[in-house]
Amino acid sequence: MTDIASDDADKGSTPTDYGDALTIDNFTLTSSNGTPNNVWNGYFQGIARANQALDKIPLSPAPEADKNRQISEVRFLRAYFYFNLVRLFGGVPLLDRVPQTSEINSPEFQQRATADQIYEFIISDLQFSADNLPLKGATQTGRVTKAAAQGMLAKVYLYRKNYQQAYELTNEIIQGRSGTYALQDNYADIWRTAGANGPESIFEVQTGVNAACNNSAVELYTVSQGPRSGGRGGWADLGFGFNNPTTSLVNAYEPNDVRRAASIIFIQPTAPAGQRSTGTVLWDGFRIPSKDSVENFRYSYKAYHSRTREANCGNNDYLPKNIRVLRYGEILLINAEAARQIGNTAAAATSLNLVRRRAGLAAIPAPTLEQIWQERRVELALEHDRFFDLVRQESVQPGRIVPIFAAQGKTFVKGKHELFPIPQAQIDLSGGQLTQNPGY
């Protein structure tokens, strides 16, 4: 519902595998599609757990400072869950507390709040977190920090077109007032164990890199996106083959951009008759024989986790791959876009060109908004944000999104496909109190 729905990735795997993902890829999904329902259930389960925590933490005998930090962490997570929900579905039910038994079926908890109301709630949670969380280094690695809350709030303000606030919040991080952050020297290392919780990490999902097997890893995250054997086969395939980078994404990189090879696994062609091919050799030495041996010709490198050079417990369904939710590279790009929107082109250039310099690219002295958006695409490719970005950019520059998808042979209907359908299963559970999004 993020990469595959965008112009960055196609479904992949075999043509008949996983029809729900195929209809998302082609914008032919209906309200009975199981994937939106799974996402809806997952986020509201997270919100319910957050509300339960917020209900119980004040009752703890722990010191007030500890309780305040925990409340701030939980409110950050609740805000993040709602931020994804509102971007996916628009207005959704607003659950700000654990309901009493008598309230469970009330309209307050069953009907949709407006998107504006959800955003106000998100901003309130994130502002509280930003005001009360410690700096990086003053709390346990992996916990939410002040910069994480500020960075997420800046991103929310970007969606709300409050560019001044987005600019000021990201400046706090860039200038070091929210802790010390920096770009990882080697772009490819960001998604390897070597880059986990590194200098670029603002917030990432902890998956037990140094813990016992299965206790916190994200099930199937890596294997679902790994190269899938096909054709001649005969090799140990790495996954199901979903989330394949598109030709459009491949062509989006400038010549010599180091991010291209770090983001996309390119399967090498079969050797001509009489010649031996070395195949595709990944960074850890794993060899994929040829194009004849796989279902698809491109895969996400950012999702790859080495079975030999990185920690694992022998269960490939639970590889400990931390998921990078917010990193310093994006903070710089939010800052650049916000600065450009408020007319500070010099500041926009400074932040943008830090990102470009690491990619091995020349500086842009006075970047346009379109150039900053283009940089977002290649810097954050396959990091589960591109669909949201396209919808947001369309609201800033109408007429942008339809041609992008038309170039891929897909029909994006304005007024409909900016949002996913409210799952019919949820409408039924609400007794019809939930209303459907337009067009579905």
Side-chain angles (χ1 to χ4, degrees), residues 2-3 6-9 151 154-155 158 170-171 173-174 180-204 225 243-266 280 282-283 298-304 322-340 345-386 388-390 393 404:
T2 52
D3 288 336
S6 78
D7 60 337
D8 271 5
K155 188 168 182 174
L158 202 64
T170 49
N171 268 347
I173 301 170
I174 293 167
T180 303
Y181 298 90
L183 293 174
Q184 187 94 20
D185 289 338
N186 181 1
Y187 182 82
D189 280 347
I190 297 171
W191 296 275
R192 299 174 187 170
T193 300
N197 300 307
E200 186 153 349
S201 176
I202 305 288
F203 184 74
E204 59 189 76
Q225 300 177 73
N243 204 33
N244 295 153
T246 60
T247 301
S248 172
L249 176 60
V250 172
N251 293 337
Y253 293 93
E254 297 171 54
N256 303 316
D257 189 333
V258 302
R259 295 171 296 194
R260 183 177 183 269
S263 301
I264 303 171
I265 296 173
F266 293 92
T280 302
L282 303 183
W283 71 266
R298 292 186 290 264
Y299 297 92
S300 171
Y301 227 149
K302 292 181 178 180
Y304 178 69
N322 280 11
I323 299 176
R324 283 62 172 173
V325 173
L326 189 64
R327 56 187 180 83
Y328 189 63
E330 184 175 7
I331 295 299
L332 289 170
L333 292 174
I334 293 172
N335 183 266
E337 183 171 343
R340 183 66 180 80
T345 305
T350 297
S351 292
L352 178 74
N353 290 324
L354 287 171
V355 175
R356 288 180 60 81
R357 184 180 305 132
R358 178 178 60 181
L361 301 176
I364 299 175
T368 65
L369 188 58
E370 290 76 10
Q371 286 173 319
I372 295 169
W373 286 345
Q374 171 65 13
E375 204 67 39
R376 273 192 71 88
R377 183 184 190 185
V378 291
E379 173 69 21
L380 304 174
L382 306 172
E383 294 181 48
H384 320 305
D385 223 46
R386 174 65 174 172
F388 299 141
D389 261 346
L390 287 174
Q393 292 161 11
I404 286 175

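Under a cut-off of 6.0 angstrom, the local environment of CG in D185 is sparse, with at most 12 non-hydrogen atoms contributed by other residues, nucleotides or ligands. Heavy-atom contacts from other residues, nucleotides or ligands closer than 6.0 Å to CG of N251 number more than 12.
Scanning both residues, G329 and E200, for their nearest heavy atoms gives N-OE2, 3.2 Å. Counting all heavy atoms, side chain and backbone alike, R377 lies closest to A252 at NH1-CB, 3.9 Å. The two atoms that bring L361 and P255 nearest to each other are CD2-O, 3.8 Å, heavy atoms only. Closest approach of I372 to A348, counting heavy atoms only: CD1-CB, 4.4 Å. Among all heavy-atom pairs drawn from R324 and R192, the shortest one is NH2-O, 3.1 Å. Smallest separation of non-hydrogen atoms from D385 and K155: OD2-NZ, 2.9 Å.
Here the CG-CG distance, from L382 to L249, works out to 5.5 Å after rounding to the nearest 0.5 Å. For the atom pair L380 CG and R386 CZ, the distance stands at 10.0 Å (nearest 0.5 Å). To the nearest 0.5 Å, atoms CG (D389) and OG (S6) are separated by 9.5 Å. To the nearest 0.5 angstrom, W283 atom CH2 is 11.5 Å from I265 atom CD1.
Considering only heavy atoms from C-beta on, F266 stays 4.5 Å or farther from T280 through its side chain. Taking 4.5 Å as the limit, every side-chain heavy atom of L332 sits out of range of all side-chain heavy atoms of L352. H384 places none of its side-chain heavy atoms less than 4.5 Å from the side chain of K302. Residues L333 and E337 are not in side-chain contact: their nearest non-hydrogen atoms beyond the backbone lie 4.5 Å or more apart. The shortest distance between side-chain heavy atoms of S263 and Y187 falls below 4.5 Å. Counting heavy atoms from C-beta on, the side chains of D8 and T2 never come closer than 4.5 Å.
A salt bridge is defined here as a Lys NZ or Arg NE, NH1 or NH2 lying under 4.0 Å from an Asp or Glu carboxylate O, and R356 with E375 meets this definition. Using a 4.0 Å cut-off between charged nitrogen and carboxylate oxygen, E330 and R376 count as a salt-bridge pair.
Side-chain contact annotation: Q184 with D189, donor-acceptor N/O pair under 3.5 Å absent. Checked by atom type, the side-chain pair R298/T247 shows a donor-acceptor distance below 3.5 Å. For the 3.5 Å distance criterion, the side chains of R340 and S351 fail to qualify, holding no donor opposite an acceptor.
N335 places no side-chain N or O within 3.5 Å of a backbone atom of I331 that could act as its donor or acceptor partner. A donor-acceptor contact shorter than 3.5 Å is absent between the side chain of E204 and the backbone of A196. Side chain of T246 to backbone of D7: a donor-acceptor contact under 3.5 angstrom is found. For Y304 (side chain) and W191 (main-chain N/O), no donor-acceptor pair under 3.5 Å exists by modelled atom type. Judged purely by atom type and a 3.5 angstrom limit, D3 has no side-chain atom pairing as donor or acceptor with the backbone of N243.
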Next item on the list: Dump the intermediate steps for side-chain contact (heavy atoms from CB on, under 4.5 Å) on N353 and R358, then the final yes or no.
Entry: CA-CA 9 Å; N353 290 324; R358 178 178 60 181; over 6 Å; no

Check: Would S300 and Q225 count as a side-chain contact (heavy atoms from CB on, under 4.5 Å) if you check the C-alpha gap in whole Å, the side-chain angles of each, and the deciding distance to 0.1 Å?
Finding: CA-CA 7 Å; S300 171; Q225 300 177 73; 4.1 Å; yes

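Ring geometry, Y181 versus Y328: the interplanar angle falls under 30°, so the pair is classed parallel (tilted spans 30 to 60°).
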